[in-house]
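For clarity, every value in this text was computed on a predicted model and none was experimentally measured.
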Amino acid sequence: MRVIICTWAWPSHLYAMVPLSWALRAAGHEVLVATQPSLLDTVGRTGLPAAPVGHDVDAVSAFRDIAFPAEHHEPAEHHEPTGHHEPTGRHGTRGGPRVVALFAAIAEAMAADLIALARGWRADLVVSEPTCLAAPVAAAALGIPHVRHLYGTDLLAAASGFLEPAVHSLRQRLGIPPVDLAGAATVDPCPAGLQPHAAPGLRIPMRYVPFNGPGLLPRPLPRSSGRPRVCVTWGTTPARVDPRLFLAGPVARALADRAEVIVAITQDQRHLLGDQPPGVRIVESVPLHLLLPRCDAVVSHGGAGTILTALASGLPLLLIPCLPDHVRHAAAVTAAGAAVTLPRGTEAAEPIAEALPEVLAGRPAAAKLRQAMAGQLSPAEVVGELEELAG
């Protein structure tokens, strides 16, 4: 069968779907990643074939507005409740309407080209991450199944009431009937105990296989003391949105007297770290799943990929979320007992250092989640489920 893997231009959303994409190719199926032009180089580094659809949308500015709304003097009507409870940020405003507007703009930018690509390529199935609303629209236009592939906790499971209106005008203009945004099934890499909402329709539980981008195996990191070893990583999203959201530097300094600290960063984040104590080790562009088995805990911003990669190694987390989806992911793993969450913007050394014993006490809960994740279907087994859906 021919499968289109669809995402808009956000690398972490793509990375979540790489293991299943390669499992499909290994099973003999044709796979094509359809995405906005600015992500094509990133797709190329996964080894998957790609095709551009539509044009890019300035998502970074949209997320910056959500993170710092007071700086943009938005009218009050932009903050009206939507019936879906969005977490409030530092300034007490709600991000839901702005996030939905962004997803709608991305769908408008991608849908027509995606439909033309899927029709010309004779696709049998469309698989997309849940925020790429152009994918279910295109699948409906062609009369083929659409499958959601989650990249973390299911943030949109209960959101159809305000997501469908976001694509209403697009559907009407393209002459497409109402679309089931939940798809024919949901591929879920989270253990059931980590999901705040049950996935609508058929849930296909898939074992989480980390893909953190290409990179080299880190050099041996011998332990220098009997203290716990903590990995501090702030993903790629916070620094991209605004350097003020990148807290890896102050967090590493706060923990340096309590733990062996390893800071995992990309090369272009190095200048954001500031001066670090002599004992703090810094590694650049190392795939996280190769580093974490050597650690005892993870401190991070609450990105889904970082959380799931940590749990796949059985590691508890200390989380300081900075965007609405980070708040939701952090809440889920904290409720499961495998994380401690501090308020957004926490930089002071005292609360960060004092939270470490409580974080380490979450190791049994993290190990339980790791075991649950390992018991789910492998990506290769999920391929069989998708074959049945596609007929």
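Looking at W234 and S300, their side chains never bring a donor and an acceptor atom within 3.5 Å of each other.
Partner E30 forms a side-chain hydrogen bond (donor to acceptor under 3.5 Å, both in side chains) with one of R122, R25, R2 and no other, that one being R2.
Hydrophobic clustering of Ile, Leu, Val, Met, Phe, Trp and Tyr side chains at less than 4.5 Å, counting indirect connections, keeps L377 apart from M373. In the hydrophobic cluster analysis, where Ile, Leu, Val, Met, Phe, Trp and Tyr join through side-chain heavy atoms closer than 4.5 angstrom, L142 is grouped together with V167. One hydrophobic cluster holds both V53 and F103 under the rule that ILVMFWY side chains link at heavy-atom gaps under 4.5 Å.
The heavy-atom pair separating L117 from A34 by the smallest distance is CD2-CB, 3.8 Å. Taking each heavy atom of V333 and A339 in turn, the nearest pair found is CG1-CB, 3.5 Å. Nearest heavy atoms, G152 versus A304: CA-CB, 3.7 Å. Scanning all heavy atoms of the two residues, the minimum distance from L24 to M1 falls at CD2-CE, 3.8 Å. Nearest approach of V340 to A355, heavy atoms of both residues: CG1-CB, 4.4 Å. Between L20 and L386, the closest heavy-atom pair is CD2-CD1, 4.0 Å.
Annotation: ring pair (Phe, Tyr, Trp, His ring centres under 6.0 Å) contacts of F63 (sequence neighbours excluded): W10. A search for ring pair (Phe, Tyr, Trp, His ring centres under 6.0 Å) contacts involving H146 returns nothing, not counting sequence neighbours. Residues satisfying the ring pair (Phe, Tyr, Trp, His ring centres under 6.0 Å) criterion with Y208, sequence neighbours excluded, are absent altogether. E354 pairs by the side chain to side chain donor-acceptor pair (under 3.5 Å) definition with nothing, not counting sequence neighbours.
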Exercise for review: Could you give me the CA-CA distance, side-chain angles and deciding distance for L125 and V147, then say whether side-chain contact (heavy atoms from CB on, under 4.5 Å) is met?
Suggested key: CA-CA 8 Å; L125 177 70; V147 171; 3.9 Å; yes
Exercise for review: Apply side-chain contact (heavy atoms from CB on, under 4.5 Å) to the pair V230 and I262, showing each step before the final yes or no.
Suggested key: CA-CA 6 Å; V230 175; I262 300 174; over 6 Å; no
Check your understanding: Where do L150 and V187 land on the side-chain contact (heavy atoms from CB on, under 4.5 Å) test, with the steps shown first?
Key -> CA-CA 6 Å; L150 303 184; V187 175; over 6 Å; no
**Study point:** Derivation and outcome, side-chain contact (heavy atoms from CB on, under 4.5 Å), residues Q36 and H55
**Key:** CA-CA 6 Å; Q36 293 169 298; H55 59 267; 5.9 Å; no
Exercise for review: Give the intermediate values and the outcome of side-chain hydrogen bond (donor to acceptor under 3.5 Å, both in side chains) for residues T153 and H329.
Suggested key: CA-CA 6 Å; T153 56; H329 300 316; 2.6 Å; yes
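Proximity of a side-chain donor or acceptor of R207 to a complementary backbone N or O of A374 within less than 3.5 Å is detected. Within the 3.5 Å criterion, the main-chain N or O of L221 finds a donor-acceptor partner in the side chain of R229. In this structure, the side chain of R328 does not engage the main chain of D325 through any donor-acceptor pair within 3.5 Å. Side chain of T346 to backbone of L342: no donor-acceptor contact under 3.5 angstrom is found. Using a distance-only test at 3.5 Å, with no hydrogens or angles considered, a donor-acceptor pair links the side chain of S225 to the main chain of R227. Side chain of R370 to backbone of L311: no donor-acceptor contact under 3.5 angstrom is found.
Figure legend: R45 and F211 shown without cation-pi pairing, the cationic atom not lying both under 6.0 angstrom from the six-membered ring centre and within 45 degrees of its axis.
The side-chain hydrogen bond (donor to acceptor under 3.5 Å, both in side chains) analysis of residues 172-188, with sequence neighbours excluded, yields the pairs E108-R173, R148-T186, H168-Q172, D188-Q195, D188-R203. Pairs of residues two or more places apart, or lying in two chains, that qualify as side-chain hydrogen bond (donor to acceptor under 3.5 Å, both in side chains) and include a residue from residues 282-297 are N212-H289, R223-D296, R270-E284.
Put simply, CD on E164 and CZ on R171 are 4.5 Å apart, with the number rounded to the nearest 0.5 Å.
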